[in-house]
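What follows is a set of notes on a single structure, which appears directly below.
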There are 6 protein chains.
Amino acid sequence: MMETLFPLPRLVYEPIVRIALGEDLGLAGDVTSALSLPPEARIDAAIIARQAGRIAGIGPAALAAELVDPAIRFNPVVNDGAAVLAGAEIARVSGPARAVLSAERVMLNFIGQLSGTATLTARFVAAIEGTGARILCTRKTGPGMRALQKHAVRAGGGFNHRMNLADAVLIKDNHAAAAGGVVPALRRAKEQLAHLVAIEVEVDSLTQWAEILALPCELWPHAVMLDNFSVADLRAAVAQRTGTPGAQTIALEASGGVRLETVRQIAETGVDYISVGALTHSAPALDIGLDARPLGG
Amino acid sequence: MMETLFPLPRLVYEPIVRIALGEDLGLAGDVTSALSLPPEARIDAAIIARQAGRIAGIGPAALAAELVDPAIRFNPVVNDGAAVLAGAEIARVSGPARAVLSAERVMLNFIGQLSGTATLTARFVAAIEGTGARILCTRKTGPGMRALQKHAVRAGGGFNHRMNLADAVLIKDNHAAAAGGVVPALRRAKEQLAHLVAIEVEVDSLTQWAEILALPCELWPHAVMLDNFSVADLRAAVAQRTGTPGAQTIALEASGGVRLETVRQIAETGVDYISVGALTHSAPALDIGLDARPLGG
Amino acid sequence: MMETLFPLPRLVYEPIVRIALGEDLGLAGDVTSALSLPPEARIDAAIIARQAGRIAGIGPAALAAELVDPAIRFNPVVNDGAAVLAGAEIARVSGPARAVLSAERVMLNFIGQLSGTATLTARFVAAIEGTGARILCTRKTGPGMRALQKHAVRAGGGFNHRMNLADAVLIKDNHAAAAGGVVPALRRAKEQLAHLVAIEVEVDSLTQWAEILALPCELWPHAVMLDNFSVADLRAAVAQRTGTPGAQTIALEASGGVRLETVRQIAETGVDYISVGALTHSAPALDIGLDARPLGG
Amino acid sequence: MMETLFPLPRLVYEPIVRIALGEDLGLAGDVTSALSLPPEARIDAAIIARQAGRIAGIGPAALAAELVDPAIRFNPVVNDGAAVLAGAEIARVSGPARAVLSAERVMLNFIGQLSGTATLTARFVAAIEGTGARILCTRKTGPGMRALQKHAVRAGGGFNHRMNLADAVLIKDNHAAAAGGVVPALRRAKEQLAHLVAIEVEVDSLTQWAEILALPCELWPHAVMLDNFSVADLRAAVAQRTGTPGAQTIALEASGGVRLETVRQIAETGVDYISVGALTHSAPALDIGLDARPLGG
Amino acid sequence: MMETLFPLPRLVYEPIVRIALGEDLGLAGDVTSALSLPPEARIDAAIIARQAGRIAGIGPAALAAELVDPAIRFNPVVNDGAAVLAGAEIARVSGPARAVLSAERVMLNFIGQLSGTATLTARFVAAIEGTGARILCTRKTGPGMRALQKHAVRAGGGFNHRMNLADAVLIKDNHAAAAGGVVPALRRAKEQLAHLVAIEVEVDSLTQWAEILALPCELWPHAVMLDNFSVADLRAAVAQRTGTPGAQTIALEASGGVRLETVRQIAETGVDYISVGALTHSAPALDIGLDARPLGG
Amino acid sequence: MMETLFPLPRLVYEPIVRIALGEDLGLAGDVTSALSLPPEARIDAAIIARQAGRIAGIGPAALAAELVDPAIRFNPVVNDGAAVLAGAEIARVSGPARAVLSAERVMLNFIGQLSGTATLTARFVAAIEGTGARILCTRKTGPGMRALQKHAVRAGGGFNHRMNLADAVLIKDNHAAAAGGVVPALRRAKEQLAHLVAIEVEVDSLTQWAEILALPCELWPHAVMLDNFSVADLRAAVAQRTGTPGAQTIALEASGGVRLETVRQIAETGVDYISVGALTHSAPALDIGLDARPLGG
């Protein structure tokens, strides 16, 4: 009855879809299709996953089709977030052959690259299944693709860290140093920001974490990022939290060099979140193709 | 005296840099830096390669810094196209601490992701060194990043296939079918396009390639894409060309599923170009960081 | 050493400043100045508060001046957030007379309207001084002016509610009804959103508030909006919270029809936040003028 | 048969509607609706005036609804310019519940703020009924809202002063001083501008007004702004015009500090126009709400 | 001391300059210059008029140079509005050779095409010298070039008709028919528009003109367009005006098929304005070139 | 079965159509139509060629109509590329009278100016009929109109030279000088550009042409521009090519001062292409009008 993945409004990604089409159409459009395809030719095609994976990017692909020609019919077979096998149909696309082939590459680029992120996310999520931890992305996104890549992470079962610099506070060592320590920084943030802005603090050692826990609880941040902690130290950090009454409200996030091979160990330490930059900056694209069946005009 | 990499004008990438900054600054800017850094604090930082690789993206990173605050000084230590070792300085960035840290992520995203493409390209280029073949990218680029990713491929020593649908003709099987065969498609293209638009034809078998060679030479395309040919067939295709007087003017491009492990074999068949979609759609980001040394105000 | 108001990056408001200038310059620019002022004439002017108030909008005004002509010198005398008396200088503006007079209205519109919001905010803030409550704005902002008006509220000593629909959850009665009650809605939000997205629930009665408090604390929202509560009920709501162990972490926000005459009573009930739509949708502009002294060329 | 209010083309306000939606949707859209409303849920709602007033802003509100989701049906009950009582329906809005609630705030912001301007204008217009004078707005408009606010003034029965710096000449004291007096400025304007650009001159005293009237009539401006004149002086200014043959073609505009309490006295002096900056810079928003009735999916 | 041509603000034409550069730079910029010019090479060039004419377009050309590279020095030798002989220098352009040659075509396109309009305008102006009539342009402008072409007309000594549909009323036969005649249309316009919007009426015969003159003078338009009148009829129309007391305030504009060969006859009839669509839609470009002297690096 | 003119995608010209409409609608829209036409009035109109010519611009005109009001029905009677006689209907336009008249000028500007280019092109094409040469345009296009004017040239039967600086190399004397001669420039281009980028070299004398021919054939450019050659020299240049084995693959383009009177002579020399800047920078607009028949509401 209720979707598990919350949708992204089309207005959010319309600008990047227009940019992608503009890049590809240049000043003359798809001259190959224009020259070799009769205007009345129609095509009936399927967007196919050539590998198993998790799908994302159907919204921008559909919009690309519509912007190239409203006469293209783009019918999704699956929704963002679906797990598919190699060979699965993702969507059916039919309409004027010139238009469909002009839109092909942009459609596939959105689905292929966003499904790449969703698929890698899903692998991390699967790797920690049952541990209670959650996979987070970062702000290491492709320029112009922040909203869509964050959505692709959700499609893979992951969660989003802050969307941008404006919607949460993350105090790192540089900030703490400049502010005269973590405490003045926390106090200043709590003084100037209202109830709906969350605050996270990065710590680099168990000692720093202990200092946070030793603060009066009204200064506690909402979350603490344990940066580049060993598995043993992560476990110790969780134990410190357990041993501090009320500290359960502070979310613990493990960060730094997380790989598929190591993520389960990390999750089993009891941290709540594990952030993985690779989900958005290094996910290989999912192999997606368009199988077209040209029809007479 | 002459750069080996031709530069990309700033006007070309200014829009995507503004978009990337807009995404990250949101409606309130970098609240963490604003709250915890004194306005007079200055920072002296270096952008560092944490892995060896080939660098690209210095132009958009420098522009991001300037757009955030013209008081930031961004001094490149190396140029796009440079090979660096792990630990190398890529650029020095100094100025108001708030501004530098606000620009940090966008700067690093451009350099990290474009250097990823340059680095992967350079590995393919190195793998075929001495063979006479060249590595090509495709149109499988990140939305909004076409111009910069094509430039990153050049920075890695690769070459660009067509930039978009408008600047060259590439006749694939669907097109040929709709046009009533390759010959009518070629003829139509030659009739409607002037002397500076190149024409390539995709062939899927040695037979199709032989049919092209059998055409009167005024109908020959400038290039032929040998799609998913085995190494043996590639070799045969090159031999067919050698055996056809005058056919040396037709460039041969191998395409389809090329990997680092197989690329040298392919190059040694004698093809002129080898296109690799992964350069732009699946290159892992190069690991790049900002090492900052905060200074008093 | 540290500013009390965190600054807004210029990139955030540059688009609306360009739009405002474009509206006013039309297709021929300021024909009056162009026709009646010698090109070499210079002007030395001051932006003056004709009423006492709280200042905001200096950033966009300075940018408007610069975009009209980089030869204009715009020197702020006070910063955003300053309280000024009638007659106070806000900034000095000097340069080519044509340029200064062309930019005059746009500069004054930004300062006058944003200072109007800052001034009204400051009056609400003053009215509740010493109570421990904070004044919040809403999303009832002028189209295109969200970021600047939110900043103006901060300049007046107020705090910002969520910046937009994406950065926090606010579950109202319609949402709760559709979700099958507040509890399913809360549970779904906690399942799908990560650690840095805050959740607020609107309640319309003490009974509803009691139901929230009766939930297991891991389902508690970060904040509760007490909508259109009487002063007595607000006091009761605060008491309910006090009587519930651990519930102090739930921020209480009074909302609905708050006026300058009633705000102190509301604040004295012990609520943490009081939101006032009028700050952004109904604040009269502060009366601001440009006193110019023309100089010979 | 003919509308009394001339309509504003949608192309004129589409950019600011897109900006307003972009601000509010952020990078993830309306997460509350997405999480708590089933995708198939529908809503049947009415936009209601909670106060009596004059309506404006239906066009941009309808466009906001359509841009969020073309499946929303937005049916105006009244048109811009309509006077409504408290409780009146302004429009009916039905469609997917998620979409309607996502668009709610932007729709209401446009109608509420523009109706505020229309309502205040209508009060000024009512206050001078029967006098023959007309109420004018100024260029003191919200950034990005020039066209819509000018339209809202018309919806309230007011008239527009010049739309921007390019479409009429208004010679103020600074301009006259720089030009070597009003006469050289007028002459220059008449020499350089063609027949469809009107010219107005600001005067600060009866003496200056007498000097204008003493000019040869081919130098007369189309209008004179009597700035900060007392009511007695306004009356004298009108009498001076009456006593000068042919001077009736010069429109007289009273300007400066006009309030609802004083406007009728001013109008009764016989001036043709009275300009009121507050219509656009200080009108409180009309209280507008959305009464929604959720329906099953 | 005072320029005779009023200047156009740079903000007005910046968008079209950016578009022109974007069109020409494509996705890789000027590959010829990038490949064949050493980065350190400098150029010292002059923009030269290869024909005599009247100059316009220096502002956008200078801006194009600056946007391509702020290191280019663009020094105008003459201003917009200057009459030049064949061979005259218009501007000197020096700087990095790559940048200058990349900007060359866009600079020349602006100056060549706008000077074409200015030159043709100047020929019409010269042809009617001494008659008291003025040459007007129309709205038949190049898309995106309205503001610049209107300015070029002024540079040629011409005057501008209305800038767009919003800033003056022009009642043509279709409008009059729909409104139930010219009188209702005039009355409606005067009722709804304030003192600074001018009204013109098109008439197709002396009879219609007589009907206008027979109206009470408070309904008179500011101008009347005599469309496709013979020279004899134009003379008669002027005589009708002369014979009507007070009608001298109605400007008379001759319109329709005006050519250089016929314009003086038309002007000598005593009309005030003559509008010529060809100034903007059919002016041949002035032949402009860049004479470059390459310098060593 | 197949169109002879390849179409231009609407996404390519949508931005310039929006700009053109924005220029013309200003801040209040078409006040004349709004004031004088009843909202229910409908119009049935035809776009008529008042001169014989070749048509282009139907796409942007139709889009302008749709953007002003989707209720306008725009039905082309002919397609781009059609030759029409004076009086021919180009399209029928019907719908709300206000909307049709508001869109009229922008529709006509696109068709009139682009048909001007198509018509002039067709005259050049006709002048060389039967010679085997082709007419080329240049980059001397109206700012913002590159794609549409290039398309109009195709509509006239001409061919396009390179679309912009990025899609082909054209080595002129300045470039050759800076590169140390044509040979180093050619070599560098061939080294850095892949198989689909064509290279042209400008030569100013038969001697230079001979030097090109004397190069090893792997350095030959794809085309040579014979700049400002006399007819005799053009003939000699063709002969040189004929006398050089294999040189037939080098296209020869005559350039410089080509006029309708001289173009046939030039074509008869045997060159392949003749480029004519005037097609885009100096084509007079085709005279196009809207004949409207107002209907009752």
Side-chain angles (χ1 to χ4, degrees), chain A residues 15-17 19-20 23-33 35-38 41 43 60 97 101-102 105-106 108-110 112-113 116 139-147 163-167 169-171 174-179 185 188-189 192-193 197 278 281-282 284-285 292 294, chain B residues 15-17 19-20 23-33 35-38 41 43 60 97 101-102 105-106 108-110 112-113 116 139-147 163-167 169-171 174-179 185 188-189 192-193 197 278 281-282 284-285 292 294:
Chain A
I16 193 71
V17 174
I19 287 170
E23 282 176 339
D24 208 27
L25 293 173
L27 292 173
D30 178 2
V31 293
T32 310
S33 295
L35 289 176
S36 62
L37 301 172
I43 227 169
L101 294 183
S102 292
R105 177 53 32 225
V106 171
L108 297 185
N109 283 351
F110 276 108
Q113 296 178 27
R139 285 168 39 245
K140 298 176 181 178
T141 51
M145 292 288 280
R146 178 71 54 89
M163 303 300 276
N164 59 29
L165 290 165
D167 72 358
V169 169
L170 174 49
I171 299 169
N174 282 336
H175 302 108
R188 195 183 321 275
Q192 291 205 41
L193 297 168
V197 180
H281 68 56
S282 295
Chain B
I16 194 70
V17 174
I19 287 169
E23 282 176 340
D24 208 27
L25 292 173
L27 292 173
D30 177 2
V31 294
T32 310
S33 294
L35 289 176
S36 62
L37 301 172
I43 226 169
L101 294 183
S102 293
R105 177 52 34 223
V106 172
L108 297 185
N109 282 351
F110 276 107
Q113 296 178 29
R139 285 168 41 245
K140 299 176 180 177
T141 51
M145 293 288 280
R146 178 72 53 88
M163 302 300 276
N164 58 29
L165 290 166
D167 71 358
V169 169
L170 175 48
I171 299 169
N174 282 336
H175 302 108
R188 194 184 320 277
Q192 292 205 42
L193 297 167
V197 180
H281 68 55
S282 295

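Within every chain, numbering begins at 1; the chains are lettered A, B, ... in the order of the sequence lines, protein sequences first and strands thereafter. Scope of the values below: all heavy atoms of this structure, side chains included, with no hydrogens, waters or symmetry mates.
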Is a donor on one side and an acceptor on the other found under 3.5 Å between the side chain of Ser282(B) and the backbone of Ala285(A)? yes
Using 0.5 Å steps for rounding, measure from the NZ atom of Lys140(A) to the CG atom of Leu108(B). 8.0 Å
Greatest number of heavy atom pairs closer than 4.5 Å to chain B - which of Pro143(A), Gly26(A), Pro284(A), Ala20(A): Pro143(A)
Does any backbone or side-chain atom of Gln113(B) lie under 4.5 Å from a heavy atom of chain A? Answer side chain, backbone, both or neither. side chain
Select, from Gly142(B), Ala185(B), Gly29(B), Ala176(B), the one with the greatest count of heavy-atom pairs under 4.5 Å involving chain A. Gly29(B)
Excluding sequence neighbours, so at least two apart, what forms side-chain contact (heavy atoms from CB on, under 4.5 Å) with Ala28(B)? Ala166(A), Val31(B), Phe6(C), Arg154(C), Met163(C)
Are Thr32(A) and Ile171(B) side-chain neighbours, meaning at least one heavy-atom pair lies under 4.5 Å? yes
Among Val106(B), Leu193(B), Asn164(B), which residue has the highest count of heavy-atom pairs closer than 4.5 Å to chain A? Asn164(B)
Contacting region of Ala189(A) [heavy-atom separation from chain B under 4.5 Å]: both
Contacting region of Leu27(B) [heavy-atom separation from chain A under 4.5 Å]: backbone
Do you know the tightest heavy-atom contact between Ser33(A) and His175(B)? OG-NE2, 3.4 Å
Kindly write out the residues that satisfy side-chain hydrogen bond (donor to acceptor under 3.5 Å, both in side chains) with Arg146(B), not counting sequence neighbours, or none if the list is empty. Asp24(A), Thr141(B)
Check each atom of Ile19(A) against the heavy atoms of chain B and say whether the ones under 4.5 Å are side chain, backbone, both or neither. side chain
For Arg139(A), is there any backbone N or O sitting under 3.5 Å from a side-chain donor or acceptor partner on Asn109(B)? yes
Given heavy-atom pairs under 4.5 angstrom as the criterion, report whether the side chain, backbone, both or neither of Leu101(B) touches chain A. side chain
